[in-house]
Amino acid sequence: MAFTIAVAGKGGVGKTTVAGLIVRALVERRDGPVLAIDADPNTNFHQVLGLHVERTIGDLREETLKKIKDLPPGVTKDQYLEYGLQQCLVESNGIDLLAMGRGEGPFCYCAVNHVLRRYIDLLSKNYKYVVLDNEAGLEHLSRRTTQDVDVLLVISDANPIALQAAARINRLADELQLCIRKRFLALNNVSESMRARLGTESFREKLAQAGLALIGEIPTDETLWSLSLEGKPLSELPSTSPAKLAVHEILEKILRNGGGS
Ligand SMILES: Nc1ncnc2c1ncn2[C@@H]1O[C@H](COP(=O)(O)OP(=O)(O)OP(=O)(O)O)[C@@H](O)[C@H]1O
Ligand SMILES: [Mg+2]
């Protein structure tokens with residue numbers, strides 16, 4: 001079974017960036033193949049990974065519903081979906097990527113979703129690690145996209161609003177009784193001035209309210225920011241990148257505390 005890490009948090013806090021750095025760190029460990037899943041309908045995980053997405057699962061779902069009545073003789077819906085899923089999978093060196101694309105339209109997708117979920121579960125078994133980049137907020141929890149994961153890594157910056165969002169994600173995961181084995185909070189985009197405030201009583205109180213164990217802090221990284229402005233992938237970050245080093249450390253802690261090897 002793949003070890004699954006899902007990344008969540010408020011909009012713009014750095015989920016995709018951290019998920020991408022985790023994928024890069026896993027690839028550098030040379031510990032087995034990694035499946036990256038872009039569960040944000042606003043597909044952009046591929047950009048930080050330097051990959052190209054031609055077709056999303058959302059596209060496949062729509063096409064299947066349109067063509068379901070005129071499939072070529074002898075081709076079952078399951079076969080059509082399986083073939084389509086293979087086309088959605090972006091394969092590269094050590095990292096494969098699946099983009100979920102947009103959500104559902106007005107039709108009934110239950111049967112198609114059922115088949116897709118089964119294939120994605122089967123596909124995940126071919127990998128040592130699965131890293132899931134989620135959309136902002138809580139929708140993915142209530143839609144149960146993020147269920148049955150080993151580690152839910154909630155990202156927040158030091159802004160109280162982002163910390164409140166982290167707390168809500170944590171509470172909702174409890175309420176929905178999702179099967180999440182471990183949950184952690186990582187503070188991203190921590191500037192020098194912000195670092196000085198992290199130890200204050202008032203900040204520690206806000207952190208405690210989130211109810212999540214703090215696994216690490218990721219500093220503000222000017223090089224990372226410039227790469228993103230130029231649309232360049234995270235693989236171009238130098239080995240001295242403070243954000244990259246911090247995420248490597250976080251990953252090691254996740255694998256030690258979360259049960260991965
Ligand atoms: N530690 C950091 N240092 C500098 N810039 C960062 C850092 N983390 C993220 N960023 C930048 O912040 C911006 C938003 O990051 P990202 O797209 O990862 O956020 P997100 O949470 O995935 O956003 P969304 O909610 O829209 O999916 C990007 O330009 C990214 O490069
Ligand atoms: Mg994102």
Side-chain angles (χ1 to χ4, degrees), residues 1-8 15-16 19-20 22-23 26-27 32-137 139-150 176 178-179 231 233 235:
M1 220 13 212
F3 183 83
T4 304
I5 303 171
V7 177
K15 297 177 293 300
T16 305
I22 289 176
V23 168
L26 285 168
V27 169
V34 183
L35 176 64
I37 298 185
D38 189 345
D40 186 347
N42 183 22
T43 311
N44 64 357
F45 202 9
H46 62 282
Q47 280 164 357
V48 298
L49 296 173
L51 300 173
H52 179 70
V53 171
E54 296 231 334
R55 200 181 186 202
T56 67
I57 297 288
D59 297 334
L60 172 63
R61 194 193 281 124
E62 292 292 328
E63 285 162 24
T64 307
L65 274 177
K66 277 192 202 131
K67 294 191 179 153
I68 213 156
K69 292 201 179 80
D70 322 292
L71 292 180
V75 176
T76 65
K77 181 188 70 200
D78 285 23
Q79 284 167 336
Y80 181 83
L81 278 169
E82 187 175 16
Y83 176 67
L85 191 67
Q86 277 160 15
Q87 287 187 318
C88 290
L89 188 68
V90 181
E91 291 175 290
S92 81
N93 218 356
I95 315 168
D96 290 353
L97 170 73
L98 206 53
M100 301 308 287
R102 70 211 140 103
E104 296 165 17
F107 306 107
C108 178
Y109 292 77
C110 305
V112 175
N113 278 345
H114 178 73
V115 177
L116 282 174
R117 216 167 284 141
R118 204 176 67 220
Y119 281 131
I120 292 170
D121 284 349
L122 273 177
L123 181 74
S124 305
K125 290 193 172 59
N126 298 333
Y127 297 86
K128 178 89 187 275
Y129 298 101
V130 173
V131 179
L132 202 82
D133 176 31
N134 282 299
E135 66 191 302
E139 279 293 299
H140 57 96
L141 292 177
S142 37
R143 271 196 274 106
R144 294 174 184 270
T145 325
T146 308
Q147 71 169 355
D148 205 9
V149 302
D150 293 284
L176 296 174
L178 301 176
C179 182
S235 54

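Keep in mind it's a predicted model, so treat the numbers as computed, not measured. All values below were derived from every heavy atom in this structure, side-chain atoms included, with hydrogens, water molecules and symmetry-related copies excluded.
V130 has its side chain out of reach of I5: every pair of non-hydrogen atoms, C-beta onward, lies at least 4.5 Å apart. The shortest distance between side-chain heavy atoms of K77 and I68 falls below 4.5 Å. The shortest side-chain heavy-atom distance between P41 and E135 falls under the 4.5 Å cut-off.
By the 4.0 Å N-to-carboxylate-O rule, D40 lies too far from K15 to be salt-bridged with it.
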Under the criterion side chain to side chain contact (heavy atoms under 4.5 Å, CB included), I'd like the reasoning laid out for S124 against L35: C-alpha separation, chi angles, the key distance, then a yes or no. CA-CA 7 Å; S124 305; L35 176 64; 4.2 Å; yes
Take D38 and T43 through the test side-chain hydrogen bond (donor to acceptor under 3.5 Å, both in side chains) and record every step on the way to the result. CA-CA 6 Å; D38 189 345; T43 311; 4.6 Å; no
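Between the OG1 atom in T4 and the CD1 atom in I37 there is a gap of 7.5 Å [rounded to 0.5 Å]. The distance from the OH atom of Y80 to the CG atom of L71 is 7.0 Å, given to the nearest 0.5 Å. Within the model, atoms CG of L60 and NZ of K67 stand 10.0 Å from one another, a figure rounded to the nearest 0.5 Å. Once rounded to the nearest 0.5 Å, the distance linking CE of M1 with NZ of K128 reads 14.0 Å. Between the CD atom of E54 and the CG atom of L89 there is a distance of 13.0 Å, given to the nearest 0.5 Å. Atom CD of E62 and atom CG of D59 lie 8.0 Å apart (nearest 0.5 Å).
The two residues Y119 and L85 make their nearest non-hydrogen contact at CB-CD2, 3.3 Å. Residues A36 and F45 approach most closely at CB-CE2, 3.6 Å, considering heavy atoms. Among all heavy-atom pairs drawn from Q79 and V75, the shortest one is OE1-CA, 3.4 Å. When all heavy atoms of A19 and V131 are compared, the closest pair comes out as O-CG1, 3.9 Å.
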Under 3.5 Å, which donor-acceptor pairs link side chains of residues 92-101 to any protein atom two or more places apart or in another chain?
unit_1 : atom_1 : unit_2 : atom_2 : d
S92    : OG     : I95    : O      : 2.7
D96    : OD1    : S92    : N      : 3.3
D96    : OD2    : Y127   : OH     : 2.6

